[in-house]
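Written out below as C-alpha cells is the structure these notes cover.
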Amino acid sequence: MSQNIVRMAWSQSARKPMIGLLFRAQQHAARGYSYSAFQAHLSSSNVDQSATLLRRFSSEVPASEQMNLIKQLRERTSAPIKDVKSSLVSCNWDIDAAQKDLRKRGVVLAAKKSSRTAAEGLLAIAQDEKRAAVVELNCETDFVARNDVFQYLASSLAKLALSARDPGELVFPFGPDYLENLNVNLDHPKLSGETTVQSAVTEVAAMVGENVKFRRGFIMSTTAHGVVCSYMHTCPQPGLGRLAGLITLEAEDSNAPLDALQRVGKSIAMHIVATKPLFLSKELVSASAVENERDILRTQAESSGKSQMAMEKMVEGRLRKYFEEVVLLEQKYVVNDSTNIKSVLNDLSKEVGSKVTLGNFARMEVGEGVSKA
C-alpha cells in the first residue's frame, strides 16, 4: 500500500518543475522514506541527477548547523552574509573550502568595485618623538569604517609609513604608490602573514564588500629640539579619526622642557582642526591672494558711498579680519578667544625660558577633495 502511495507521488511530481519534486522528496523523507528510494526514482525518471546534488547535500545538513557555519564563516572573513551563504552552498558546506572560495571571489568583486566612489573611511596616525605619519584609508560607507578589520589595516598602514625610510623632508606628502608595493606584516584573527599593501587593501575590500582604497598620507618631522604634536577628532579608538591636526613646535634652547611643548602643541593641533587655517604667518600669504582679497573688499567698500579715505580704512580693516581668519598665528585661540596663537606661543616661550616657534602645521580630513557625484 505504501509503495503505491510512493509511486503515485513520484508520478505526480515528475510532471512538476524540479523545485516541486525536491520539495516533495523532502516531505517523503520526513515521513520515513529512505533516500535510496528517492534516488531509485530519479534513476528511473528523466530528471537530471546532477541538478539535485547541491540541494541533496544541503538537505543533509540540519538548519541549525547551517546557521552555525554561516556565523563561523562571517566571523572568520567579515564578508557579507549573502556571499558567505553562497560560498558555503557552492562548497557543500565545507567551511574551509568556502573560506578559500570567498577569498578568490572577493578579489574579483573588489576589482569590479574599484571604480565606485570611496569618500568615507578613516585617518590613522603613528608617531614617535620626532616624526608622525598620517594615512587616509577610504571606503564607501561609514558602516565599513567601523569594521575592526578596516581599522586594523588603517593603523597598520600608518605604522608602516612611520617605519619606512626617512624621506629627508620636514613635511612629506605622499600618494598610494609610496606604500602599495611595500610588504606589511599583519597579525589579526582575520588577516595574518606578510603581504604587500596593495594585496592587503584588496583582501579587505573583498571581506567588507566595498571599494577600499589607500588614498594618501604625509609624514611630518622635526630635526631641532622640539616635538611633533597631533590631535585626532571623531575617534573610534586611539590613533584613528576623521579629522587630524599636526604641528611641530621647536625651542631654541636644547635644555627647554618638552612636556610643556607637547601640552600646548596638542591644544594648537585641536585649534587647527576647528579653524582650518590656510597659512602659517602673514608673510607666507601669497601676494596674489592678498591682492585678490583687496580687490573684493574694495568693490564692497565702493558700494557704501563713503569718501575715498573712509573706503581705504574699510578695506584695511577688513583685510586684517581676513588675516585673522586664514593665518594661523593671527587666529583667535579656540580655547580662549581673548588671545591669539601668536600670544599663546609667546606665553609658552616665557614658561620654558626659551623662544618657541611653530615650524609646520597640517590639517587633514577624510574624503576632502573627493567628488561624491
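Predicted, not measured: the structure shown is a model, and the values here were computed from it.
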Identify all side-chain donor-acceptor contacts of residues 167-180 below 3.5 Å with residues at least two apart in sequence or on another chain.
| residue | atom | partner | partner atom | Å |
| --- | --- | --- | --- | --- |
| Tyr178 | OH | Arg165 | O | 3.3 |

Are [X] and [Y] close enough that a side-chain donor and a side-chain acceptor fall under 3.5 Å?
X: Thr275; Y: Gln331; value: yes
X: Ser267; Y: Tyr333; value: yes
X: Asp148; Y: His188; value: yes
X: Glu283; Y: Ser281; value: yes
X: Ser87; Y: Ser90; value: no
X: Asn346; Y: Ser343; value: no

Distance (rounded to the nearest 0.5 Å) between [X] [atom1] and [Y] [atom2]:
X: Glu293; Y: Glu325; atom1: CD; atom2: CD; answer: 8.0 Å
X: Glu129; Y: Leu258; atom1: CD; atom2: CG; answer: 8.0 Å
X: Cys235; Y: Leu123; atom1: SG; atom2: CG; answer: 9.5 Å
X: Lys276; Y: Leu243; atom1: NZ; atom2: CG; answer: 8.0 Å
X: His233; Y: Arg242; atom1: NE2; atom2: CZ; answer: 10.0 Å
X: Thr202; Y: Met207; atom1: OG1; atom2: CE; answer: 12.0 Å

Write down the atom of [X], the atom of [Y], and the distance for their closest heavy-atom approach.
X: Val352; Y: Ala260; answer: CG1-CB, 3.7 Å
X: Glu120; Y: Glu140; answer: CG-O, 3.6 Å
X: Val273; Y: Ala244; answer: CG2-C, 3.6 Å
X: Val264; Y: Leu348; answer: CG2-CD1, 3.8 Å
X: Gly265; Y: Leu249; answer: CA-CD1, 3.6 Å
X: Met311; Y: Ala301; answer: SD-O, 3.4 Å

Going by the rule side chain to side chain contact (heavy atoms under 4.5 Å, CB included), which residues pair with Val290 if we only count those two or more places apart in sequence or in a different chain?
Val285, Arg294, Leu319, Phe323
List for me each residue that meets side chain to side chain contact (heavy atoms under 4.5 Å, CB included) alongside Lys130, sequence neighbours excluded, and say none if there are none.
Asp128, Thr222
Residues [X] and [Y] bridged, charged N to O under 4.0 Å:
X: Lys213; Y: Glu136; result: no
X: Glu365; Y: Arg363; result: yes
X: Lys332; Y: Glu324; result: no

Can you get from [X] to [Y] by hopping between Ile, Leu, Val, Met, Phe, Trp and Tyr side chains that sit under 4.5 Å apart?
X: Phe361; Y: Ile219; value: no
X: Leu137; Y: Leu191; value: yes
X: Met270; Y: Leu280; value: yes
X: Leu284; Y: Ile247; value: yes
X: Val89; Y: Ile70; value: yes

Below 4.5 Å, heavy atoms only, C-beta onward: do [X] and [Y] meet side chain to side chain?
X: Leu122; Y: Pro236; answer: yes
X: Leu329; Y: Asn340; answer: no
X: Met364; Y: Arg216; answer: yes
X: Val344; Y: Thr339; answer: yes
X: Asp94; Y: Asn92; answer: no
X: Trp93; Y: Leu73; answer: no
X: Met220; Y: Gln127; answer: no
X: Met232; Y: Ile125; answer: yes

Solution key, residues 149-160 side-chain donor-acceptor pairs under 3.5 Å, sequence neighbours excluded:
| residue | atom | partner | partner atom | Å |
| --- | --- | --- | --- | --- |
| Gln151 | OE1 | Gln237 | NE2 | 2.6 |
| Gln151 | NE2 | Ala145 | O | 3.1 |
| Tyr152 | OH | Asp187 | N | 2.5 |
| Tyr152 | OH | Asp187 | O | 3.3 |
| Ser155 | OG | Gln151 | O | 3.3 |
| Ser156 | OG | Tyr152 | O | 2.9 |

Which residues share a salt bridge (charged side-chain N to carboxylate O under 4.0 Å, His left out) with Arg320, sequence neighbours left out:
none
Out of the candidates Leu328, Val334, Ile272, only one should pair with Ile341 under the side chain to side chain contact (heavy atoms under 4.5 Å, CB included) rule; please name it.
Leu328
For Asn185 and Glu194: C-alpha separation, side-chain torsions, deciding distance, then whether side-chain hydrogen bond (donor to acceptor under 3.5 Å, both in side chains) applies.
CA-CA 4 Å; Asn185 198 4; Glu194 188 172 296; 4.9 Å; no
Would Leu358 and Thr248 count as a side-chain contact (heavy atoms from CB on, under 4.5 Å) here? Give the steps.
CA-CA 6 Å; Leu358 201 162; Thr248 59; 5.6 Å; no
Applied to residues 348-362, the side-chain hydrogen bond (donor to acceptor under 3.5 Å, both in side chains) test, sequence neighbours excluded, yields Arg263-Glu351
